[in-house]
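Since the structure comes first, as structure tokens, the remarks are kept for the end.
Order of the sequence lines sets the chain letters (A, B, ...), proteins ahead of strands, with each chain counted from 1. Note: hydrogens, waters and symmetry copies are ignored here, and every other heavy atom, side chains too, is used. Just so we're clear, the structure is a prediction, and the values are computed from it rather than from any experiment.
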Number of protein chains: 2
Amino acid sequence: MSVVAERAEVFAALGDPNRLRILDHLTRSPASATALVEDLEITRQAVAKHLRVLEGAGLVEGARTGREVRFELRPAQVERAARWLDDVAVGWERRLAAVKRAAES
Amino acid sequence: MSVVAERAEVFAALGDPNRLRILDHLTRSPASATALVEDLEITRQAVAKHLRVLEGAGLVEGARTGREVRFELRPAQVERAARWLDDVAVGWERRLAAVKRAAES
DNA sequence: CTCAGGTGCAACTCGATAGTTGCACGATGC
DNA sequence: GCATCGTGCAACTATCGAGTTGCACCTGAG
């Protein structure tokens, strides 16, 4: 997959309110799909689908312990996405500064 | 709109390869919809739709100059999204450190 | 005035996605 | 062994989203 498509997949995974809530919960502590149902008012299967999307984007990883699967955050992709957004913002500000400099000369 | 829904809207707007390419282009210089068509191999109307999505998320703003509409980046939302991602990553690392400390005591 | 370039709006197709229900399977506790 | 808890898989609905074509409307240049 191309680098831009991969980036888009990560952002798309972040582009759903329920998934953001799941991610927010997982920031505080790992949890299983059934545990996450309580604060989401959707079914367990829907939660499981969201977790698969998040896992597909590399934002989260699940590991089986006994009969439950605990999902925990995987910060690498989160940081990568944050860094790209910073680059976009910084690049733009730099361009604005260059335009301003040109106008003053 | 709730804060989480708004965040999701921003990330959803970023969750498409063509929109990422548009954003990348706009980082370097403002452009109109028809100008953006050249490096995207989709129609002008599709580009216009993407621009409306980006504008709806507050990532971009268009202003009419003569008979064309120049779109330029709006870094505020970009920075806000980056900051939230940083918070997620930092919060998780902090939790990991706390768990480690607890295990060592 | 006329014509061309740039936008905008509307209707349509089609694949992806969020959500559901129903059921089957493996691991745990008694 | 057996009831149960947590998962996983499959089928289905319905909505959203990306992309297209076609047409109408302004604005600027000759």
Side-chain angles (χ1 to χ4, degrees), chain A residues 1-2 4-26 29-72, chain B residues 1-2 4-26 29-72 77 81:
Chain A
M1 187 158 52
S2 86
V4 53
E6 196 172 344
R7 237 196 306 267
E9 190 190 7
V10 172
F11 284 127
L14 294 167
D16 179 276
N18 283 327
R19 284 198 288 268
L20 287 186
R21 290 191 196 99
I22 290 176
L23 220 64
D24 184 62
H25 185 110
L26 293 185
S29 76
S32 68
T34 50
L36 287 164
V37 171
E38 303 204 338
D39 33 323
L40 281 182
E41 58 192 30
I42 54 177
T43 61
R44 197 240 337 153
Q45 286 83 347
V47 174
K49 278 192 184 180
H50 284 308
L51 285 169
R52 250 176 288 158
V53 172
L54 289 171
E55 194 167 31
L59 293 166
V60 130
E61 201 179 56
R64 186 143 218 150
T65 72
R67 63 181 160 193
E68 76 179 352
V69 180
R70 292 172 68 81
F71 286 85
E72 67 173 33
Chain B
M1 186 157 53
S2 85
V4 54
E6 197 172 342
R7 235 197 307 267
E9 190 190 8
V10 172
F11 284 128
L14 294 167
D16 180 275
N18 282 328
R19 283 199 289 269
L20 287 186
R21 290 191 196 97
I22 290 175
L23 220 64
D24 185 62
H25 185 110
L26 293 185
S29 76
S32 67
T34 49
L36 287 165
V37 170
E38 304 203 339
D39 34 323
L40 282 182
E41 57 191 32
I42 54 177
T43 61
R44 197 237 341 148
Q45 286 84 346
V47 174
K49 279 192 183 179
H50 284 308
L51 285 170
R52 249 175 289 158
V53 172
L54 290 170
E55 194 167 31
L59 292 165
V60 130
E61 201 179 57
R64 185 142 219 150
T65 72
R67 64 182 159 189
E68 77 178 350
V69 180
R70 291 172 69 81
F71 285 86
E72 67 174 33
Q77 293 284 0

What side-chain donor-acceptor pairs closer than 3.5 Å can you find for residues 29-38 of chain A, not counting sequence neighbours?
from    : atom 1 : to      : atom 2 : distance (Å)
A/Ser32 : OG     : A/Thr34 : OG1    : 3.3
A/Ser32 : OG     : A/Ala35 : N      : 3.3

Under 3.5 Å, which donor-acceptor pairs do the side chains of residues 43-63 of chain A form with other protein atoms, sequence neighbours left out?
from    : atom 1 : to      : atom 2 : distance (Å)
A/Thr43 : OG1    : A/Ala46 : N      : 3.4
A/His50 : ND1    : A/Arg19 : NH1    : 3.0
A/Glu55 : OE2    : A/Gly62 : N      : 3.1
A/Glu61 : OE1    : A/Arg74 : NH1    : 3.0

By a strict heavy-atom criterion of less than 4.0 Å, which residues belonging to residues 47-57 of chain A are in contact with DNA chain D?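 Output list: empty, so none.
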
Would you sort out whether B/Glu6 and B/Gln77 count as a side-chain contact (heavy atoms from CB on, under 4.5 Å), showing the intermediate values? CA-CA 10 Å; B/Glu6 197 172 342; B/Gln77 293 284 0; 4.2 Å; yes

Gap separating the CG atom of B/Asp24 from the CZ atom of A/Arg7, nearest 0.5 angstrom: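 Reported value, rounded in 0.5 Å steps: 7.5 Å.
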
B/Ala8: side chain to side chain contact (heavy atoms under 4.5 Å, CB included) partners, not counting sequence neighbours: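 Scan of B/Ala8 (side chain to side chain contact (heavy atoms under 4.5 Å, CB included), adjacent residues dropped) gives A/Pro17, A/Leu20.
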
When you measure from every atom of DNA chain C, which of residues 10-20 of chain A have a heavy atom less than 4.0 Å away?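 Those residues whose heavy atoms fall under 4.0 Å from DNA chain C, taken from residues 10-20 of chain A in numerical order, are A/Asp16, A/Asn18, A/Arg19.
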
Using a cut-off of strictly less than 4.0 Å, decide whether B/Ser32 has a side-chain nitrogen or oxygen near OP1 or OP2 of C/dT7.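 Looking at the OP1 and OP2 atoms of C/dT7, one of them is under 4.0 Å from a side-chain N or O of B/Ser32.
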
Is there any protein nitrogen or oxygen under 3.5 Å from a nitrogen or oxygen in nucleotides 24-29 of chain C, and what are the pairs?
from   : atom 1 : to      : atom 2 : distance (Å)
C/dT28 : O4'    : A/Arg67 : NH1    : 3.0

How close or far is atom P of C/dG6 from atom CZ of B/Phe71, stated in whole angstroms?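 Whole-Å distance recorded here is 14 Å.
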
State, to the nearest 10°, the angle formed by the axis through the first five base pairs of the helix from C/dC1-D/dG30 to C/dC30-D/dG1 and the axis through its last five.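 Inter-axis angle at the termini of the helix from C/dC1-D/dG30 to C/dC30-D/dG1: 30°.
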
Applying ring-ring contact (aromatic ring centres under 6.0 Å, His included), name anything that partners B/Phe11, two or more places apart in sequence or on another chain.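 Once residues adjacent in sequence are excluded, the partners of B/Phe11 under the ring-ring contact (aromatic ring centres under 6.0 Å, His included) criterion are B/Trp84.
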
Which residues satisfy the salt bridge (Lys or Arg N to Asp or Glu O under 4.0 Å) test with B/Asp39, sequence neighbours excluded?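 Listed in chain order: nothing, the list is empty.
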
Report the residues that fulfil side chain to side chain donor-acceptor pair (under 3.5 Å) with A/Asn18, sequence neighbours left out, ordered by chain and then residue number.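 Residues passing side chain to side chain donor-acceptor pair (under 3.5 Å) with A/Asn18: A/Arg21.
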
How would you give the extent of chain B contacts on DNA chain D, as first and last nucleotide 5' to 3' within a 4.0 Å heavy-atom cut-off?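 Result: D/dA18 to D/dG28.
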
